[in-house]
Structure formats: structure tokens, C-alpha cells
Amino acid sequence: MANNFLWGSATAAYQCEGAWNEDGKGLSNWDVFCHSEKNNVNPVTGDIASDHYHRYEEDIKMMAEGGQNAYRFSIAWTRIIPNGIGEINQKGIDFYNRLIDTCLKYKIEPLVTLYHYDLPQTLFEKGGWENRETTDAFEEYAKVCFREFGDRVNYWMTINEPNYDTLCSYAIGNYPPNVQDLNRRWHAMYHLMLASAKAVNVYRKMDFTGEIGLVSDSYSIEVLQNTPEYSQAKENADLFFNRSVNDVCVYGQYSERFIQKLVTDGMDVSYMLEEDKNIFQTGRVDFLGINAYDRILVKPYTGGETVLTNNNTGTGDAPKAVIKDWFEFDDDPTTEKNPWGMEIYPKSIYDLLLELKQLYPDTPIIITENGVGHYDKLIDEKIEDSYRIDYLKGFIDNLLEAKEKGCDVRGYLVWSTMDLYSWINGYEKRYGLVYVDFDNENQRIPKDSYYWYRDFIRNYEE
Ligand code: BGP
């Protein structure tokens with residue numbers, strides 16, 4: 001990896017590109033879901049989103065002017081292979097060539113995610129990630145991307161957030177296919193991990209000099225009481241959220257403890273095949289991308305069935321989780337939260353990085369997302385988002401402290417480059433360094449946080 005620290009920001013295809021049916025793009029599960037009646041919490045779509053498909057040059061130029069040297073974006077599988085498998089769409093390839101070349105023109109390092117939640121609808125209809133064949137389709141798709149873009153992309157990420165994606169899709173049930181069944185959840189998640197390992201193996205065979213990793217939403221898991229029961233809940237939550245992903249892609253295997261826990265729960269694990277062990281072993285990552293937003297506070301499980309809820313409206317309660325025989329979410333009423341119930345707790349990134357260093361000392365980390373959603377207000381052509389500056393500053397300070405303590409962190413990317421579609425939450429939950437005036441031709445207006453980040457990067461010395 002290069003020595004220069006990566007300071008930049010991140011987006012994902014469905015959330016910002018728009019152009020949902022342009023230039024031969026196929027339908028993804030999110031296109032179909034957002035157009036369906038199931039999309040009833042904030043019934044908006046990503047049809048236009050931030051119109052990044054047409055305005056990418058303006059966005060990348062603003063990043064460069066904002067001192068950023070890295071841009072993480074994802075490729076829409078359906079632009080490259082509209083039906084998931086088979087025919088390749090040259091216009092899709094042309095778009096990502098333009099995007100990558102524009103990054104290079106502005107001296108921005110492209111970090112490319114292959115899969116960020118949007119699955120070709122054709123594969124979704126055949127069982128999506130519960131169907132093992134999807135892992136083979138992903139491998140083929142990855143191969144096309146490596147072949148077409150691998151000469152210019154030094155950082156690849158296979159899958160975004162196997163944990164959070166499947167938690168929402170198969171446990172909370174707010175993302176398509178809107179299921180609430182942990183057994184199906186673990187099944188789909190296993191295939192995401194397998195798909196990732198297959199792509200890593202393909203990449204290595206193709207002999208590129210770049211690095212390949214996976215993006216894991218990881219958390220500092222904490223408890224408010226010091227008892228054996230609380231410690232057990234903490235260990236369970238760590239297995240559930242973090243180690244179910246990170247052990248697999250860093251050590252190249254599932255921990256016995258984790259598999260044992262699934263078996264004790266009566267989960268069917270017959271899809272874990274003997275022949276996969278080698279794929280996981282040789283498919284270990286070069287680096288771990290970490291999406292770090294908050295900590296998770298847990299307490300011992302007391303009773304009842306598994307229930308998970310999320311706050312997608314910005315008006316209701318904080319997210320809740322009771323995972324039968326594992327743990328329950330706890331709450332610290334003294335900490336600040338954003339309107340969607342996310343705790344503002346910057347030290348969590350310090351604690352997390354130290355934990356990761358201890359578990360995976362040889363694996364470099366890139367913080368692939370960190371940021372905060374708010375109802376930003378455009379007043380006199382300005383957005384005074386001091387709350388976002390405070391949040392980012394808090395996390396960056398803690399990150400740098402962890403780096404001082406020897407954590408091998410190579411980069412930090414703000415979520416998000418500009419305002420974009422927030423899954424189920426719609427467009428009013430804004431994360432961008434740049435405001436997008438969705439009601440006024442998607443005009444771009446840098447927020448105060450954009451200028452703060454620019455000045456911070458300017459003054460940073462490694
Ligand atoms: C991460 C996702 C991003 C982004 C972010 C903010 O989990 O990788 O795609 O959306 O979270 O979350 P949300 O939009 O749900 O507030």
C-alpha cells in the first residue's frame with residue numbers, strides 16, 4: 001500500500017447515480033423494491049438520486065478542491081451485466097471508465113466496491129444470496145470488473161457490510177426481500193462471505209498489483225455493568241456483529257464458537273460445505289474496510305423471541321434488538337443521539353481500532369465510512385452543520401490517537417461525498433459534505449463541514 005494517508009469520502013451506486021434505466025442498465029432489487037408498494041415508509045426512489053451518473057465530474061472536481069485524495073464508490077452490477085449473468089453492457093463499462101479516469105485526472109485514488117446492496121433483479125428472483133449460484137455469478141461479474149478496470153484501480157472492496165445488509169434484509173425486514181428469519185439471514189450472509197472469498201481468489205489469479213478487501217460494519221461492543229452475564233452478552237454480540245464477518249475474511253475461517261452457537265440455536269448449517277474451507281482460506285483479504293459509525297451497547301438476554309426494529313423515520317424510537325439466547329440492546333440515556341437514534345460516541349472508533357489491532361495485527365484498516373445523518377437546512381445558500389464538524393472531528397481525533405498507539409490505519413473516508421439517498425430513510429436524512437438541492441436541479445452547495453474537512457486535510461502531516 002502507498003504511504004500517503006487516504007483522506008476522502010464515499011458513496012454507493014444506487015444511492016447517488018440515478019439514471020436507473022439508462023444506457024442499457026438492468027433492474028436491481030432496489031429499483032424494483034423502491035417502485036413497489038412495499039416501499040411505504042418514505043416512498044421515494046433512486047431513479048434520479050443525486051444524478052451522479054451525469055454530474056460525476058463536478059462531484060470529483062469538488063472533492064479535489066476540498067483537498068481529498070480518495071473516492072470510494074460502488075459499481076452497479078446491473079450496468080455491467082444487466083441480467084446478473086451473461087451479456088456484458090459496454091455502455092456500463094464506458095461509464096465506470098470515465099469515472100475512474102476522472103478520478104485519476106484530479107489525482108484522486110479510486111477505491112471501488114463491487115457490491116453495495118444492489119443485486120440484479122434476475123438473481124434476486126432466483127433466491128438472491130440464499131442461492132449458492134449467486135456466488136458464482138458474483139465471481140464472474142468480479143472478473144469482468146478486474147479485467148476492465150484493474151489496470152487503474154489499486155483498492156478493491158468485494159462486498160459492503162455483509163452484516164448490516166443481511167440484518168436489514170432478513171432480520172429487521174426493512175430491506176428487500178423484507179424477511180424476518182435469522183436462519184435465512186445466516187444462510188444469505190454465508191453466501192456473501194463465500195462470494196467475497198471467490199472474488200479475492202480470482203483477483204489473485206489475475207496477477208494485479210493492487211489490494212483487495214471487504215467492507216465490514218464493525219462496532220466497539222460495550223456493556224454498562226461489570227458482571228459475568230454482561231461479559232457473556234458482550235462476547236455474544238461481538239460474535240454476532242463483528243467476528244461473523246471479520247474472522248472469516250481475515251483468518252479465512254469461521255470460528256468454532258460461532259458455528260457452535262448457530263447449531264445450539266437449532267440453525268440449519270448444511271450449506272457450509274467442506275469444499276468451501278479452502279476457498280475461504282485462500283480468499284483472505286489484504287485489508288479490512290471498516291464502516292464505523294457508533295458503538296453497540298448490550299445487556300444480557302432475558303426472554304422472548306428475536307425482535308429487531310430500526311428507526312427509518314427520524315421520529316420514532318432508537319433501534320431495538322432482542323436476539324434470543326444471545327443479547328439485548330442496552331441504552332445509555334446520558335449520551336447524545338441523532339434524530340434516528342444513533343449514538344454520537346466518537347471514542348467508539350478508538351476502542352474498535354484497538355480491538356481490531358489485537359485480533360488482526362497484520363491486517364491494515366481503511367475506515368471506509370464514517371459520518372452522521374441530519375436534517376440539514378439550506379439558509380441563505382449556506383449549510384451551517386456544526387454538529388457534523390463536531391462529529392467528524394471527534395472521530396478523526398480518536399482515529400489519530402489509535403494510529404499513534406500503533407493501529408495500522410491507512411485511510412479515512414467520510415460518508416458521504418454529497419447528499420444522497422439513504423436506504424428507506426429517503427432524502428431528508430443527509431450525510432454529505434456537499435448539499436444537494438434535490439428540489440432545484442440537484443445543485444451542489446458545499447457545507448461548512450466540507451470546508452472544515454478541506455482545511456483539516458491541508459494541515460495534516462503524517
Ligand atoms: C452504511 C451503508 C451506507 C449508508 C450508511 C448510512 O451502513 O453502507 O450505504 O447508507 O450506512 O446509513 P443510512 O443511510 O441507513 O442512515
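Start at 1 and go down the list; that is how both ligands and their atoms are numbered. What you are looking at is a predicted structure, and each value in this text was computed from that prediction instead of being measured.
The protein residues lying under 4.0 angstrom from ligand 1, judged by non-hydrogen atoms, are Q15, H116, Y117, N160, E161, Y164, N291, Y293, E369, W415, S422, W423, N425, K429, Y431.
Geometrically, R430 engages Y435 in a cation-pi contact, judged by NZ or CZ lying under 6.0 Å from the ring centre and within 45° of the ring axis. For the pair R295 and Y345, the cation sits on the ring face: its NZ or CZ lies under 6.0 Å from the ring centre, inside 45° of the axis.
In terms of the side chain to side chain contact (heavy atoms under 4.5 Å, CB included) criterion, residue partners of V144 (sequence neighbours excluded) are, by chain and number, I80, I81, I88, I93, R147, E148. For N236, the side chain to side chain contact (heavy atoms under 4.5 Å, CB included) test picks out Q232, K261, W326, F327, with sequence neighbours left out. Applying the side chain to side chain contact (heavy atoms under 4.5 Å, CB included) criterion to S244, with sequence neighbours excluded, gives W186, M189, F258.
Annotation: side chain of Y293 is not in contact with side chain of F395 (no heavy-atom distance under 4.5 Å).
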